[in-house]
Amino acid sequence: MPLALLALAVGAFGIGTTEFVMMGLLPDVADDLGISLPSAGHLVSAYALGVVVGAPLLAAATARMARRTVLIALMALFVAGNALSAFAPDHTWLLAARFLSGLPHGAFFGVGAVVATTMVAPERKARSVSLMFLGLTTANVVGVPVATLMGQNFGWRATFLGVSAIGLAAIASLALLIPRDRTPAPRSALRGELAALRSLPVWLALGTTVAGFGALFAAYSYITPMLTESAGYADTSVTLLLALFGVGATAGNLLGGRLADRSLRGTLFGGLVSLTVILALFPLLMRTEVSAALAVTVLGTAAFVTGSPLQLMVMEKASAAPSLASSANQAAFNLANAGGAWIGGLALSAGFGTTSPALAGALLSAFGVGVATVAYAVDRRVTPVAGRERVVAGRVPRQHEASGV
C-alpha cells in the first residue's frame with residue numbers, strides 16, 4: 001500500500017476527532033458560555049448539518065480541480081473552522097464555526113476515497129479505502145479521549161487548537177505524499193456529474209448506508225444508559241467501554257476492507273446481517289458486565305465491516321462522478337447519525353425500555369438488508385448476458401477482478 005494513504009489517514013484522524021469530541025465537551029462549553037446543555041447540544045447538530053450541506057456542494061464545486069489540490073484546500077477549510085471555534089466569543093459564533101468545520105468533512109472523505117483507489121491495483125481498492133478510514137476509527141480510540149482530556153484540563157478552546165494542529169500536519173502530509181500525476185482533474189462537466197447521481201443503483205447504495213448506519217446510531221446514541229442502567233456499570237467506566245467500541249470499529253474497518261476485495265456484496269450482506277443479530281441480542285447481552293462489554297465491541301466491528309464496501313459500491317455505481325457520489329455517501333452517513341438517534345429516542349420515549357433503541361436499530365438494519373437485496377436484484381437485471389464481459393459502473397472485467405461480486 002502506498003505511503004500516500006497515510007496522509008489521507010491523518011486528515012481522517014483530525015476530522016474524526018473534531019466530529020466526536022464535542023459530545024464529551026458539552027458540559028464545559030455550556031458552563032463557559034453560560035448556556036444550557038440542550039443549547040450546547042446544537043453544536044453537534046451544526047457540525048452534522050455542515051457535513052450534509054458541504055459534502056455534495058463542495059464535491060460538485062471542485063469537480064474540475066486536481067484532486068490533490070482539492071484535498072489540501074478542504075483541509076485548510078477544516079483548520080480555519082476549528083481555529084474559529086477556539087476563538088469564538090459566544091454561542092452564535094461557535095455554532096457558525098462548527099458548521100464551517102463540518103463543510104469539508106464529506107467532500108474530504110469522498111475525494112480521498114477516489115484518490116486512494118487510484119493509487120492501488122483493482123483488487124486492493126476496498127483495502128485502500130479502509131486504510132483511509134482507519135484514521136476515523138482510530139480517532140475514537142485515541143483522538144477523542146485525548147482531546148477530551150485536554151479540554152477538561154486546559155479548557156475546551158485548547159482542544160480545537162490541538163485539532164487545528166492536526167489539520168496543519170495533514171496539509172503538510174498531503175502536499176508531500178499525494179502524487180500530482182495520480183490525481184488529474186476530471187474533464188466531465190458538472191451537469192454530467194449530477195446526471196450520474198440519477199441512477200437507481202446509486203440511490204439504493206445510499207439508502208443502504210442510511211439504513212445500516214442509522215441502525216448503529218439508533219443504539220450507540222443511547223449506549224451510556226444501557227451500560228449503566230441495564231448492565232450495571234459505573235459512570236466512570238463508560239469512557240473505557242466506548243474505547244472498546246472504537247477498537248471493534250477499527251478491527252471491523254480493516255476486516256471489511258480485506259474481505260470486500262474478495263467479495264464486495266458478500267461482505268456487505270455479512271456485515272448487515274451480523275449487525276442485525278447483535279442489535280437484536282442487546283437486551284440479553286446487557287444483563288451482565290462481561291457480555292455488555294463484548295456486545296459494545298462486536299457492535300463496532302459489525303457496523304464498520306460495511307464501511308468500505310458501501311463507500312466503494314457508491315463510487316462504482318456512479319463511475320462518471322465518483323467524487324460527488326462518494327461525498328454524497330458521507331452526507332448519507334450523517335443523515336443516518338441524526339435519523340438513527342431520533343428513531344432510537346422514539347423507542348425510548350415510548351417506554352419500551354432502556355435497550356429498546358437497540359431493537360429499533362435491529363429493525364433498521366434488517367431494512368438495510370432488504371434495500372441491499374433490492375440493489376442486488378437490480379444489478380442482476382442490468383448485467384449483460386453470459387458470454388459477454390461484465391462491467392458494472394466502470395469496474396474492470398471479471399477476469400481481472402478479485403472482488404467476486
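This structure is a prediction, so every number in the text was calculated from the model and none was measured.
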Using only atom types and a distance under 3.5 Å, with no angle test, would you say the side chain of Thr69 pairs donor to acceptor with the backbone of Met65?
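Pair absent, no side-chain N/O of Thr69 close to backbone of Met65.
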May I ask you to decide if Ser291's main-chain N or O and Thr288's side chain share a donor-acceptor pair within less than 3.5 Å?
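Judged by distance alone, yes, a pair lies under 3.5 Å.
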Carefully, step by step, assess Thr18 and Asn82 under the rule side chain to side chain donor-acceptor pair (under 3.5 Å).
CA-CA 8 Å; Thr18 201; Asn82 281 280; 2.6 Å; yes
I'd like to know if the side chain of Ser349 and the backbone of Gly345 have a donor-acceptor N/O pair within less than 3.5 Å.
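Indeed, once roles are kept as given, a pair shorter than 3.5 Å links the two residues.
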Leu206 vs Val202, side chain to side chain contact (heavy atoms under 4.5 Å, CB included): CA-CA, chis, key distance, verdict:
CA-CA 6 Å; Leu206 293 174; Val202 172; 4.2 Å; yes
Do Leu275 and Thr306 have side chains that get closer than 4.5 Å, going by heavy atoms?
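In short, these two side chains do not touch, never coming nearer than 4.5 Å.
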Please find the pair of heavy atoms, one from Pro357 and one from Met226, that lie closest to each other, and give the distance.
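Closest approach of Pro357 to Met226: CB-CE, 4.0 Å.
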For Gly16 and Leu136, work out which heavy atoms get closest and say how close.
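Shortest heavy-atom contact: CA-CD1, 3.4 Å.
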Note, Leu5 side chain near Ser128 side chain (heavy atom, < 4.5 Å):
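The answer is yes; the side chains approach within 4.5 Å.
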Mind checking whether Tyr222 and Phe217 have ring centres under 6.0 Å apart?
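No: the rings miss the under 6.0 Å criterion.
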Quick check: do Glu229 and Met286 have side-chain heavy atoms less than 4.5 Å from each other?
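Contact flag for Glu229/Met286 side chains = no.
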Side-chain (Asp28) to main-chain (Trp156) donor-acceptor, under 3.5 angstrom
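Between the backbone of Trp156 and the side chain of Asp28 there is no qualifying donor-acceptor contact (under 3.5 Å).
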Please lay out, stage by stage, how Val111 and Val114 fare under the test side chain to side chain contact (heavy atoms under 4.5 Å, CB included).
CA-CA 5 Å; Val111 176; Val114 175; 5.6 Å; no
Can you tell me if Asn153 uses its side chain to pair, donor with acceptor, with the backbone of Leu149 under 3.5 Å?
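A pair under 3.5 Å: yes.
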For Leu134 versus Thr138, what's the shortest heavy-atom pair and its separation?
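Looks like O-OG1, 2.6 Å.
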I'd like to know if the side chain of Ser164 and the backbone of Ala83 have a donor-acceptor N/O pair within less than 3.5 Å.
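Answer holds: yes.
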Can you tell me if Ser230 uses its side chain to pair, donor with acceptor, with the backbone of Leu227 under 3.5 Å?
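It does not hold such a pair.
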What's the spacing between His42 NE2 and Arg98 CZ if we round to 0.5 Å?
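These two atoms lie 14.0 Å from each other.
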Could you give the distance from CG (Asn329) to CD (Gln311), rounded to the nearest 0.5 Å?
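It comes to 4.5 Å.
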Side chain to side chain, Tyr376 and Val371, heavy atoms closer than 4.5 Å:
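Counting from C-beta outward, Tyr376 and Val371 never come under 4.5 Å.
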Over 12 foreign heavy atoms within 6.0 Å of CZ, Phe269:
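More than 12 heavy atoms, drawn from other residues, nucleotides or ligands, come within 6.0 Å of this atom.
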Sub-3.5 Å donor-acceptor pair from the side chain of Arg68 to the main-chain atoms of Ala175, do we have one?
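Checking the backbone N and O of Ala175 against the side chain of Arg68, a donor-acceptor pair under 3.5 Å is found.
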Quick check: does any side chain N or O of Arg157 sit under 3.5 Å from a backbone N or O of Ala88, one acting as donor and the other as acceptor?
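Yes, the answer is positive, given that a donor and an acceptor are paired below the 3.5 Å cut-off.
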Working for side chain to side chain contact (heavy atoms under 4.5 Å, CB included), residues Asn337 and Phe213:
CA-CA 7 Å; Asn337 189 339; Phe213 279 97; over 6 Å; no
Output yes when a side-chain donor or acceptor of Thr267 lies under 3.5 Å from a complementary backbone atom of Ala260, and no otherwise.
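Here the side-chain-to-backbone pair exists.
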I need the single residue from Phe109, Phe108, Phe304 that forms a ring pair (Phe, Tyr, Trp, His ring centres under 6.0 Å) with Phe133. Which is it?
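Of Phe109, Phe108, Phe304, ring pair (Phe, Tyr, Trp, His ring centres under 6.0 Å) with Phe133 is met by Phe109 alone.
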With rounding to the nearest 0.5 angstrom, report the CG to CG distance, Leu264 to Leu310.
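Leu264 atom CG to Leu310 atom CG measures 8.5 Å (nearest 0.5 Å).
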Which heavy atom in Ser85 sits nearest to a heavy atom in Ala97, and how many Å separate them?
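In terms of heavy atoms, the two residues are closest at OG-CB, 3.4 Å.
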Given side chain to side chain contact (heavy atoms under 4.5 Å, CB included), test Phe99 with Tyr47 step by step and report yes or no.
CA-CA 5 Å; Phe99 176 81; Tyr47 183 92; over 6 Å; no
Is the Phe78-His105 ring centre distance short of 6.0 angstrom?
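Not under 6.0 Å, so no.
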If you take all heavy atoms of Ala59 and Ala107, which pair is closest and at what distance?
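Answer, listing the atom of Ala59 first, then Ala107: N-CB, 4.2 Å.
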Please find the pair of heavy atoms, one from Val21 and one from Ala147, that lie closest to each other, and give the distance.
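The pair with the smallest heavy-atom distance is CG2-CB, 3.5 Å.
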